[in-house]
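A short worksheet on the structure shown next.
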Amino acid sequence: MKDYDYSRIEKKWQAYWEEHQTFKVTEDGSKEKFYVLAEFPYPSGQGLHIGHPRPYTAMDILARKRRLQGYNVLFPFGWDAFGLPTENFAIKNRIHPAKVTADNVASFTKQAKAIGFSFDWSREINTTDPAYYKWTQWIFLQLFKRGLAYKKEMAVNWCTDCKVVLANEEVVNGECERCHGEVVRKVKSQWTLKITEYAQRLLDDLESVDYPERVKASQINWIGRSTGAEVKFAVNTGGEASDDALAVYTTRPDTLFGATYMVIAPEHPYVEKWAGRLSNFGEVVKYRELAAKKSDFERTEIVKEKTGVKLDGVLAVNPVNGAEIPVFISDYVMMSYGTGAIMAVPGHDTRDWEFAKKFNLPIIEVVKGGDVEKEAFTDCDAGVMVNSGFLDGLSVEDAKVKITAWLSEKKLGEPKVNFKLRDWVFSRQRYWGEPIPVVYCEKCGGWVALPESELPLTLPEVESYMPTDNGESPLATLVGFINTVCPVCGSPAKRETDTMPQWAGSSWYYLRYCDPHNDKELISKEKLGYWTGVNSAVSPPVDWYNGGMEHTTLHLLYSRFWHKFLYDIGVVNTKEPYKKRTSHGMILGEDGQKMSKSRGNVINPDDVIRDYGADGLRLYEMFVGDFEKVAPWSTTGIKGCKRFLERVWGLAEILSDGDEYRKELRAAFHKTVKKVGSDIETLKFNTAIAALMSLINEIYSTGSINKAELRTFLILLNPFAPHITEEMFEKAGFGVLNTQSWAGYDEELCKDDETEIAVQINGKVRAKAVVKAGSDKATTLAAAKAALGGLLDGKEIVKEIAVPDKLVNIVAR
RNA sequence: GCCGCUGUGGCGGAACAGGCAGACGCAACAGACUUAAAAUCUGUCGAUAGUAACUAUCGUAUCGGUUCAAGUCCGAUCAGCGGCACCA
């Protein structure tokens with residue numbers, strides 16, 4: 001047998017595809033379109049690791065199969081190349097980020113091509129390309145013009161030693177990841193996008209898309225819609241009534257009679273406002289400084305002991321009974337959620353209960369059903385109202401309605417829908433991002449948009465991309481960049497020096513693939529029209545979008561938000577970008593840990609391709625386990641896949657003539673065609689491969705394979721292992737495989753003539769029986785009883801259950 | 001902490017919608033071929049007990065429930081993984 005020389009074969013076919021532009025796609029109205037997308041990668045300096053190919057191989061299989069089925073398949077690729085890791089690498093190694101990016105893209109490209117993905121490389125995009133980010137900036141301008149982009153003061157992580165704004169990820173245990181300097185929260189003015197204005201639509205439209213339930217659930221939780229009431233508490237300061245009212249948002253207005261104190265966030269503006277009236281202001285300020293060092297995450301941890309400071313000199317008035325109650329500041333209340341103030345009901349909220357116990361505050365039971373001295377009773381489905389005046393005896397549900405109506409009537413509050421979702425912080429004080437195309441004009445009195453004709457506003461190509469020491473973007477040091485004139489009034493103005501987050505470029509890239517070289521528009525109506533369904537009803541452009549679970553909240557939500565905005569301004573014609581979303585599990589190291597350089601368990605795909613071939617790599621990545629779950633890499637496991645490919649290669653040695661499946665293999669072939677086809681569509685690649693392995697075992701057991709059988713076998717295997725199958729197809733004289741059609745099957749021919757069924761007595765298998773397929777209940781039962789022989793003698797049959805073609809269970813005493 | 005997910009042989013994993021648990025592959029063991037090894041081929045391969053091919057009992061993280069029948073459904077518990085808004 002001639003050896004299976006995978007290296008030669010793979011290079012040959014990769015060159016062939018490149019030369020013939022086999023996978024280049026044009027808008028062909030005679031074919032039905034299929035747009036399949038795998039999240040584009042971030043080209044990190046470490047090169048491709050073995051986890052990267054998994055989603056691309058999976059979507060490549062889908063793309064190749066759909067092409068054989070006659071679809072016009074758009075399967076594009078590109079680079080999400082702005083971002084922090086590149087910038088940090090650049091700073092550390094003194095190489096310009098643009099150069100770092102170009103190098104990384106080049107090595108990723110080489111690796112991706114060596115695996116044989118059927119991308120349409122003519123549509124490759126890169127978010128750091130000015131021709132691309134021109135349109136990212138354009139979208140920002142449209143948001144800005146419609147009031148959806150605004151500046152807002154907010155806390156950022158500030159490293160006191162490096163003097164840079166840090167990402168949450170760069171803060172480790174309250175210290176800077178790099179220099180271990182102290183990290184504090186510092187207030188900065190940041191560009192912010194009003195995603196909250198789209199909260200309800202982002203929630204509602206989930207019903208129209210095909211996402212896994214767990215993905216929908218995480219989007220729903222992230223948006224966090226709740227209904228409740230906003231309630232106003234009057235405030236007495238310094239012993240006299242004040243005009244200030246403290247508004248709180250609560251989902252439990254029914255428990256208002258149980259509110260025994262209030263808590264406001266340390267950043268709450270009233271703290272400053274009341275400064276003069278607080279006898280312990282010094283202590284309050286100290287606490288506020290302490291809280292400023294903590295992240296939201298640390299602050300909301302329940303396990304830690306509650307802390308806080310009472311505001312001496314301020315009392316709030318419970319509107320429902322006029323009781324005067326103390327006001328505290330505590331870090332478990334966030335300024336970013338609700339109104340930044342809460343009414344505390346220790347009897348029925350776990351956090352309030354812990355706080356009340358610590359500070360010896362009264363706990364009043366207002367819903368019966370638990371023991372509020374032992375723990376907060378939070379089950380609102382059970383129990384009736386007590387100690388609550390006019391609400392006594394009502395259910396929680398009814399009490400909510402009644403108290404909300406009462407508050408509205410007395411103008412003390414109103415029903416309110418609240419979202420956990422916060423506006424999108426869009427500023428980064430960094431170099432390696434899209435410049436924000438606005439200028440600050442003193443004369444015009446604010447931020448002014450650049451005219452669209454001045455886009456793209458390119459990143460100045462300079463030596464200095466190092467952070468400044470005052471927390472501004474590196475762009476702030478570039479006098480030539482900053483100083484400009486106002487496009488409206490012509491007077492001197494200053495450019496914005498913050499850049500956009502990496503999320504920006506990835507929020508709309510799927511659209512650009514449809515029309516990647518258009519310099520007049522973001523996307524043309526014609527191209528968009530084709531990819532949203534020229535032959536069928538208009539539906540989201542991307543038919544199938546696969547990506548990691550780690551992107552199911554932010555990236556997915558942000559891009560859905562931008563798409564809806566583009567819909568509102570008439571750029572796109574669908575409300576949603578992605579019709580269907582799936583996600584893949586990570587590939588772990590051989591030790592079962594996440595692959596990382598520091599753990600030393602990273603496997604390089606180049607080595608794997610050298611030793612096992614690209615087809616071997618692809619096959620093993622798909623065979624290793626359930627695509628949607630994590631799976632550890634195994635160097636011995638991949639041997640089995642290579643062995644299988646060698647057995648496939650060996651089929652050429654036992655090839656004989658024959659235009660149709662032989663009788664003994666007919667059912668096996670029809671079944672396998674059916675299974676492989678449906679398994680690909682449901683991402684069950686591992687069982688599709690197992691079915692092909694079983695089939696080849698059967699083929700070898702007959703000692704030969706005929707041409708019809710080999711042809712089908714190669715077509716079924718082609719999406720998984722495109723190189724070896726093309727080579728064998730050509731060698732067998734069948735022509736070029738990718739111009740053929742996918743294999744068909746006949747449902748009738750999938751069935752075996754006879755099936756073996758299990759015969760159980762009281763649920764335990766006691767015998768086997770062979771029956772003709774599709775036999776009725778009576779025949780099946782008779783066969784089953786015959787198979788049992790004398791085992792039922794002397795027993796009383798209580799019940800007989802027969803499942804056609806599966807089993808019979810006889811309940812007997 | 002909150003939200004989501006996962007738990008099946010020595011290992012990766014199968015099991016459509018409650019119907020024979022362990023498909024397919026890896027590793028291991030035995031045999032064939034070979035001077036020998038590798039490769040290849042054939043066979044065995046959840047546990048326990050007796051044993052000749054066999055039979056019985058147990059077995060899908062733990063405890064309990066529903067059902068003729070539970071890896072699958074329900075309740076509780078334990079363990080691990082992922083996300084938590086400036087990593088992408």
Side-chain angles (χ1 to χ4, degrees), chain A residues 1 39 41-42 44 80 82-85 88 156-157 165-171 190 195 213-215 217-218 220-222 224 295-304 332 336 350-351 420-430 501-503 506 547-555 557-558 585-586 588 592 594 620 623-626 628-641 643-644 646-647 650 675 678 682 684 686-694 697 700 756-765 768 798-803 805-812:
Chain A
M1 194 225 292
E39 278 172 356
Y42 178 75
S44 73
D80 187 16
F82 274 131
L84 199 56
N88 284 342
V156 295
N157 303 308
V165 175
L166 298 179
N168 285 346
E169 188 188 62
E170 297 175 290
V171 183
Q190 306 261 60
I195 189 173
E213 277 313 311
R214 59 184 170 148
V215 173
S218 61
I220 291 167
N221 288 332
W222 197 259
S295 68
D296 285 4
F297 176 50
E298 288 172 294
R299 284 171 52 169
T300 47
E301 267 184 312
I302 279 197
V303 281
K304 63 149 189 146
Y332 79 94
S336 51
T350 312
R351 290 158 306 177
K420 274 202 195 109
L421 183 68
R422 312 205 289 253
D423 277 341
W424 175 4
V425 183
F426 202 69
S427 284
R428 298 292 183 270
Q429 287 73 39
R430 293 289 184 154
Q502 186 171 19
W503 306 109
S506 61
M549 267 311 276
E550 68 274 21
H551 293 139
T552 49
T553 44
L554 295 183
H555 164 63
L557 208 60
Y558 289 158
M586 238 187 316
L588 304 174
K594 202 168 168 173
Y620 182 63
F623 185 62
V624 67
D626 186 336
E628 297 182 287
K629 294 186 192 143
V630 296
W633 181 260
S634 160
T635 304
T636 52
I638 192 173
K639 280 187 190 155
C641 288
R643 222 170 270 167
F644 168 70
E646 282 163 350
R647 277 160 73 77
K675 178 153 183 67
S678 67
T682 49
K684 302 275 179 213
N686 51 342
T687 52
I689 294 166
L692 288 167
M693 287 172 168
S694 295
N697 290 344
Y700 270 107
E756 192 186 52
I757 63 165
V759 184
Q760 301 178 329
I761 298 177
N762 296 334
K764 298 204 166 171
V765 180
K768 302 269 174 152
V798 181
K799 198 171 179 182
E800 293 169 334
I801 295 117
V803 182
D805 296 340
K806 282 263 163 71
L807 61 57
V808 166
N809 187 16
I810 295 170
V811 186

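Computed from a predicted structure; not experimentally measured. The chains referred to below are lettered A, B, ... by the order of the sequence lines, with proteins before strands, and numbering in each begins at 1.
- As judged by a 4.0 angstrom heavy-atom cut-off over every strand, A:Trp222 is placed among the base-contacting residues.
- Atom CG in A:Leu421 sits about 15 Å away from atom P in B:C84, given to the nearest Å.
- The base of B:C86 sits within donor-acceptor range of the side chain of A:Gln190, with an N or O pair under 3.5 Å.
- No hydrogens or angles were tested; on distance alone, nothing pairs the side chain of A:Asn221 with the base of B:C3 as donor and acceptor under 3.5 Å.
- Counting non-hydrogen atoms under 4.0 angstrom, A:His555 reaches nothing in the nucleic acid.
- Heavy atoms of A:Lys675 sit nowhere under 4.0 angstrom from any nucleic acid atom.
- Of all nucleotides present, none satisfies the Watson-Crick or G-U wobble test against B:U67 with each distance under 3.5 Å.
- Searching all strands for a Watson-Crick or G-U wobble partner of B:G1 with both distances below 3.5 Å returns B:C84.
- Within 4.0 Å (heavy atoms only), A:Thr552 reaches no atom of the nucleic acid at all.
- Contact annotation for A:Val156: base contact, defined as any heavy-atom pair under 4.0 Å involving a base atom.
- Between the CD atom of A:Glu646 and the P atom of B:U40 there is a distance of 7 Å, given to the nearest Å.
- At the heavy-atom level, A:Val803 lies under 4.0 Å from base atoms of the strands shown.
- Between A:Trp424 and A:Tyr558, the angle of the ring planes stays under 30°, which puts this pair in the parallel group of the 30/60° scheme.
- Nucleic acid contact for A:Pro632: sugar-phosphate only, since backbone atoms but no base atoms lie under 4.0 Å from a heavy atom of the residue.
- A:Gln760 contributes atom CD, which lies 10.0 Å from atom CD1 of A:Ile810 (distance to the nearest 0.5 angstrom).
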Using the ring-ring contact (aromatic ring centres under 6.0 Å, His included) rule, take A:Trp633 and A:Tyr620 through it: C-alpha gap first, then chi angles, then the decisive distance, then the call. CA-CA 9 Å; A:Trp633 181 260; A:Tyr620 182 63; 5.0 Å; yes
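- Rounded to whole angstrom, the span from the CG atom of A:Leu84 across to the P atom of B:C87 amounts to 7 Å.
- Going from atom NE2 of A:His551 over to atom P of B:G83 covers 10 Å, rounded to whole Å.
- Summarising the geometry, the separation between CD on A:Glu213 and P on B:U6 is reported as 13 Å, rounded to the nearest angstrom.
- B:G25 and B:C11 make up a base pair, with Watson-Crick or G-U wobble contacts both under 3.5 Å.
- When heavy atoms are screened at a 4.0 angstrom cut-off, A:Val425 is found touching base atoms of the nucleic acid.
- Place A:Lys764 and A:Trp503 on RNA chain B by their nearest nucleotides, and A:Lys764 ends up nearer the 5' end.
- When each of A:Asn809 and A:Phe82 is assigned the nucleotide of RNA chain B with its nearest heavy atom, A:Asn809 is the one assigned upstream, toward the 5' end.
- Distance A:Ile220 CD1 to B:C3 C1': 12 Å, rounded to the nearest Å.
- The glycosidic torsion of B:G9 lies within 90° of 0, which places this base in the syn conformation.
- Between A:Arg214 and B:U6 there is no side-chain polar atom (N or O) within less than 4.0 angstrom of OP1 or OP2.
- Here A:Leu692 lies out of heavy-atom contact (under 4.0 Å) with every strand.
- Within the 4.0 Å cut-off from OP1 or OP2 of B:G19, not a single side-chain nitrogen or oxygen of A:Lys806 is found.
- Heavy atoms of A:Glu756 sit under 4.0 angstrom from at least one base atom.
- Rounded to an integer number of Å, the gap from CD1 of A:Ile801 to C1' of B:A70 is 14 Å.
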Review item, nucleotides 23-26 of chain B N/O atoms under 3.5 Å of protein N/O:
unit_1: B:G25; atom_1: OP1; unit_2: A:Asn697; atom_2: ND2; d: 3.2
unit_1: B:C26; atom_1: OP1; unit_2: A:Arg643; atom_2: NH1; d: 2.7
unit_1: B:C26; atom_1: O2'; unit_2: A:Thr636; atom_2: OG1; d: 3.1

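- The side-chain heavy atoms of A:Lys675 and A:Leu692, taken from C-beta on, include no pair separated by under 4.5 Å.
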